[in-house]
Amino acid sequence: MFTSLTAAQVDFSRMQALALSRYGQETAATVDRWQAEIAAMQGLPDAAKLERANRFFNSRIRWLDDATIWQQADYWATPLELMGMGMGDCEDFAIAKYTTLLLAGMDVAKLRITYVRLRNANINADGSQAHMVLAYYAEPRSEPLILDNIIADIHSASTRSDLTPVYGFNSQGIWVGGARNPASTQPEARLSRWRDLLRRAAEEGLE
């Protein structure tokens, strides 16, 4: 089975202590605000949870590429690392929002961290680049809503003609392209960075 965040829980005391020792008082305060935000989201309708999780990170975190932040071509940061650095790339935003929504009680089946091709004629020769967003499905066959770090507001997938899905995943499986059912192949082979992320997150108090 795919290593799971389905029943996400967090030891905020441990995370607070690590935030203070690694990054200082400002990060510890951000973790405290994150904890308060998650508590405030409990019991809210899904639409409100999506808006609050999206806004929390989009308003606090600055986009920067992994090579600049981590001196690596591709690094998936934990929510604590993201808050500690105050900057991250698209994967880090999507993962942090996903984790926040699970902690706020959202059904994992409604969420998929999704790799897409982002079309932009100013990027490169073929006019696209790899990008990651968080997709929300009210029902399995619903049109998803897209939570993105490059656009502040949440939009339906049909209005984001600049995005082409490649594959999406959550703690239950992986979906290739626009497939309605999860792929039969084991996602572990494709998502080794996800397993490494979960290991590091658990060490920081995210069980």
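All values below were derived from every heavy atom in this structure, side-chain atoms included, with hydrogens, water molecules and symmetry-related copies excluded.
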So, the side chain of Asp65 versus the backbone of Thr68: is there a donor-acceptor pair under 3.5 Å, distance only? yes

Hey, is the main chain of Leu206 close enough, under 3.5 Å, to the side chain of Asp11 for a donor-acceptor pair? no

Restricting to non-hydrogen atoms, name the atom on Asp89 and the atom on Asp66 that form the minimum distance, rounded to 0.1 Å. OD2-OD2, 2.8 Å

Answer yes or no: does atom CD of Glu139 have more than 12 heavy-atom neighbours from other residues, nucleotides or ligands under 6.0 Å? no

Side chains of Leu102 and Val108 in contact at under 4.5 Å (non-hydrogen atoms): yes

Nearest heavy-atom contact between Lys49 and Leu44 is CE-O, 3.2 Å

Which atom names give the shortest non-hydrogen contact between Ala96 and Leu82, and what distance separates them? CB-CD2, 3.6 Å

Looking only at heavy atoms, what is the nearest atom pair of Ala135 and Thr114, with distance? CB-OG1, 3.7 Å

Mind checking ring pair (Phe, Tyr, Trp, His ring centres under 6.0 Å) for Tyr23 and listing every partner two or more places apart, or none if nothing turns up? none

Hey, are the side chains of Arg200 and Glu81 touching, using non-hydrogen atoms and a 4.5 Å cut-off? yes

Which heavy-atom pair separates Gln16 from Ala28 by the least distance, and what is that distance? OE1-O, 3.0 Å

Atom CD of residue position Glu203 - does it have more than 12 heavy atoms of other residues, nucleotides or ligands inside 6.0 Å? yes

Any idea how Tyr167 and Tyr115 line up, ring-wise: parallel (<30°), tilted (30 to 60°), or perpendicular (>60°)? tilted

What heavy-atom pair brings Leu101 and Leu134 nearest, and what distance separates the two atoms? CD1-CD2, 3.8 Å

Out of the candidates Asn58, Asn149, Asp92, only one should pair with Lys97 under the side chain to side chain donor-acceptor pair (under 3.5 Å) rule; please name it. Asn58

Checking Glu204 against Arg199 for the salt bridge (Lys or Arg N to Asp or Glu O under 4.0 Å) test, could you report, in this order, the C-alpha distance in whole Å, the side-chain angles of both residues, the deciding distance, and whether it holds? CA-CA 9 Å; Glu204 296 170 350; Arg199 176 188 57 78; over 6 Å; no

When you compare the side chains of Arg33 and Thr30, does any donor N or O come within less than 3.5 Å of an acceptor on the partner? yes

Would you check if there is a donor-acceptor pair between the side chains of Glu37 and Thr100 at a distance under 3.5 Å? no

Using only atom types and a distance under 3.5 Å, with no angle test, would you say the side chain of Ser59 pairs donor to acceptor with the backbone of Arg55? yes

Close side-chain approach of Tyr137 and Pro144, heavy atoms under 4.5 Å: yes

For the side chain of Glu91 and the backbone of His131, is there at least one donor-acceptor N/O pair under 3.5 Å apart? no

Do the side chains of Arg60 and Met83 get nearer than 4.5 Å, heavy atoms only? no

Can you classify the ring geometry of Phe57 versus Trp34 as parallel (below 30°), tilted (30 to 60°) or perpendicular (above 60°)? perpendicular

Could you tell me if Tyr136 and Asp46 have a donor-acceptor pair between their side chains, going purely by distance under 3.5 Å? yes

For a 4.5 angstrom cut-off between non-hydrogen side-chain atoms, does Gln35 reach Val10? no

